[in-house]
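A short worksheet on the structure shown next.
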Protein chains: 2
Amino acid sequence: MNRVLVVDDEPQIVRALVINLKARKYEVDAASDGATALRLAAARHPDVIVLDLGLPDMDGVEVIRGIRGWTRVPILVLSARQTSDEKVEALDAGADDYVTKPFGMDELLARLRAAVRRAEPVGRPEDSVVVETDAFTVDLAAKKAHRDGRDVRLTPTEWHLLEVLVRNAGRLVSQKQLLQEVWGPSYGTESNYLRVYMAQLRRKLEADPSHPRHFVTEPGMGYRFER
Amino acid sequence: MNRVLVVDDEPQIVRALVINLKARKYEVDAASDGATALRLAAARHPDVIVLDLGLPDMDGVEVIRGIRGWTRVPILVLSARQTSDEKVEALDAGADDYVTKPFGMDELLARLRAAVRRAEPVGRPEDSVVVETDAFTVDLAAKKAHRDGRDVRLTPTEWHLLEVLVRNAGRLVSQKQLLQEVWGPSYGTESNYLRVYMAQLRRKLEADPSHPRHFVTEPGMGYRFER
DNA sequence: CGGCCTCTTGACGCCTCCCTGACGCGCGGC
DNA sequence: GCCGCGCGTCAGGGAGGCGTCAAGAGGCCG
């Protein structure tokens, strides 16, 4: 199940896209202006964004830059303008694809699939998605955590935090980076969030939560996941 | 410098592409049929492939599948056929983008840049900057220091100081420069800070802290990190 | 509408880190 | 030989960061 963010100020276009996407088992969020789009992109972490360039409140290219400032999520631009310059500008700003209106729904969906597909993590045989420690097991793909032979339930925020840490296994991840990746680009100083959620992760996964061996604090710098 | 493989059976198209690509500092290989394309893709490992679907010897979609069998290199399809079905088929076979002829060169190049850009590595664990001496190892990216088989814990200020010294390995770094880089531009004379923190670094990293071999004092001038 | 699950926020005690001052040592100049 | 200067070392105190708990706010589902 993939999540899509649709951004367009024409309600009928949004409606058509939402219907078609939901029929194909996508989760869909919708925004009709740039500010909402940026907010939803940060809050919902879509797997792909369909973005109309002609928005009422801000330039579409600025929206692209705003998103690219903190994530590489695929952006599929939808636009009525067909000039080469517009396309080049949007693509160089960070868009992944550019489709001109009117568009064929089948083609758009195929381009969407292509964008999602190539954004998938490189599933090289050697680097399994399952990470094991002596205390617990994490399967990032299946979104499952095991400990002592039973499943551990994690909330969405806990998962997100765990994911960032595990993907950077062995490396220090700064507080700012964690906050921005999990809570969105407008966060960066709210380290109290981190303290609370790190405590949750430790309580749920560490054998001895008060003496963490895998979720290590580096005072003043950040956190590190050690296998 | 990126390598491009151009596949098309029309010589004038190939020529136009090759000229434009070379002018933009791409390395270019060219093929005029599917078999050659597959061979060159394997032999030269291009960073991106521009593929015309209308080839004399085999179906373009088969070429895509042949390439996708072993690599995720971006494939930008070029085709005279504009029907939606063709596009969907090519994209679902593994193409990354689909441009119909006649095409604008600027747009094609922008799409090429987009394809190359998103294929760039995100930040593999391999790209860490590791500095080794006979006594200890420092990984600047992971913020990890190693000595005698164990991890060494460094505080943020210690890391910062170490980083400046290591980045200027072999060169003398003046006290003023160190103070300003680590403590901020308003510092410059507080050399007592340096004495304290250099002592910490030596105590934590040098084999014989009282006779430093890697963190050398240049009296009256500054400090130098020697590998 | 009510209950449940998250997320957010605040308070409190503990621990770490940074700064500071004191002292010892070696070196060069007076 | 004495003194001044720069550097290395050590220990203590203050400030801020961190872990923990608990309560309130908000959204989702029955």
Side-chain angles (χ1 to χ4, degrees), chain A residues 3 27 29 39-40 42-45 143 145 151-162 165 172-176 178-184 186-224, chain B residues 143 145 151-162 165 172-176 178-179 181-184 186-224:
Chain A
R3 193 193 306 278
E27 274 184 61
D29 296 313
R39 194 170 48 73
L40 282 180
R44 306 276 292 167
H45 287 90
K143 289 251 192 294
D151 282 1
V152 178
R153 264 185 48 79
L154 297 179
T155 72
T157 313
E158 287 163 7
W159 262 113
H160 210 141
L161 181 60
L162 177 64
L165 287 168
L172 177 92
V173 189
S174 74
Q175 312 195 14
K176 188 169 185 177
L178 283 172
L179 283 166
Q180 295 198 340
E181 292 225 25
V182 178
W183 277 268
S186 60
Y187 292 76
T189 59
E190 296 79 351
S191 59
N192 47 324
Y193 291 16
L194 284 180
R195 291 205 292 277
V196 173
Y197 278 90
M198 285 302 305
Q200 311 260 48
L201 280 183
R202 284 166 174 159
R203 193 160 47 77
K204 291 186 178 179
L205 294 177
E206 291 271 5
D208 181 359
S210 56
H211 298 94
R213 294 184 48 233
H214 302 102
F215 299 102
V216 187
T217 304
E218 301 277 357
M221 302 203 290
Y223 294 87
R224 181 200 309 279
Chain B
K143 288 265 193 317
D151 285 357
V152 178
R153 274 184 43 84
L154 297 179
T155 71
T157 316
E158 287 161 9
W159 264 112
H160 210 148
L161 182 60
L162 176 64
L165 287 168
L172 172 76
V173 189
S174 74
Q175 308 197 4
K176 186 168 185 177
L178 284 172
L179 283 165
E181 292 229 24
V182 177
W183 278 268
S186 60
Y187 292 76
T189 58
E190 297 80 350
S191 59
N192 47 326
Y193 292 14
L194 285 180
R195 291 204 293 278
V196 173
Y197 279 91
M198 285 303 304
Q200 309 260 47
L201 279 183
R202 284 165 174 159
R203 191 162 49 76
K204 290 185 177 178
L205 295 177
E206 292 271 6
D208 180 0
S210 54
H211 298 94
R213 294 184 47 234
H214 301 102
F215 299 101
V216 188
T217 305
E218 303 277 357
M221 314 261 305
Y223 295 87
R224 179 202 310 278

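We use all heavy atoms of the structure for the numbers below, so side chains are in, but hydrogens, waters and symmetry mates are not. Letters A, B, ... mirror the listed sequences (proteins, then strands); counts begin at 1. Here the structure is a predicted model, which means the values were calculated and not measured.
Distances shown here put every side-chain N or O of B:Tyr193 at or beyond 4.0 Å from the OP1 or OP2 atom of C:dC17. For the OP1/OP2 pair of C:dC7 and a distance below 4.0 Å, the side-chain nitrogens and oxygens of A:Thr155 include at least one atom meeting the criterion. Applying the 4.0 Å criterion to OP1 and OP2 of C:dC18, one finds that B:Gln200 has every side-chain N and O outside that range. In terms of phosphate contacts, B:Arg195 brings no side-chain nitrogen or oxygen within less than 4.0 Å of OP1 or OP2 of D:dG6. At C:dC17, none of the side-chain N or O atoms of B:Thr157 fall inside 4.0 Å of OP1 or OP2 (strictly under the cut-off). Taking side-chain N and O atoms only, A:Trp183 has no distance below 4.0 Å to OP1 or OP2 of C:dC7.
Across the protein-nucleic acid pair, B:Met221 atom CE and D:dC7 atom P stand 11 Å apart, rounded to whole Å. Atom OH in A:Tyr197 sits roughly 15 Å away from atom C1' in D:dC21 (whole-Å rounding). Straight-line distance from the CH2 atom of A:Trp159 to the P atom of C:dC7: 14 Å, rounded to whole Å.
Residue A:Glu158 is out of contact with every strand shown, counting any heavy-atom pair closer than 4.0 Å. Within the nucleic acid shown, B:Tyr223 comes within 4.0 Å of sugar-phosphate atoms alone, with no base atom in reach, counting heavy atoms only. Among the heavy atoms of the strands, none lies under 4.0 Å from A:Arg203.
The aromatic rings of A:His45 and A:His160 lie perpendicular to each other, with more than 60° between the two planes, well past the 30° mark.
In summary, B:Lys143 and A:Glu218 do not engage in a salt bridge, as defined by a charged side-chain N under 4.0 Å from a carboxylate O.
In this structure, the side chain of A:Glu206 does not engage the main chain of A:His211 through any donor-acceptor pair within 3.5 Å.
Closest non-hydrogen pair, B:Leu172 versus B:Arg224, comes out as N-NH1, 3.6 Å.
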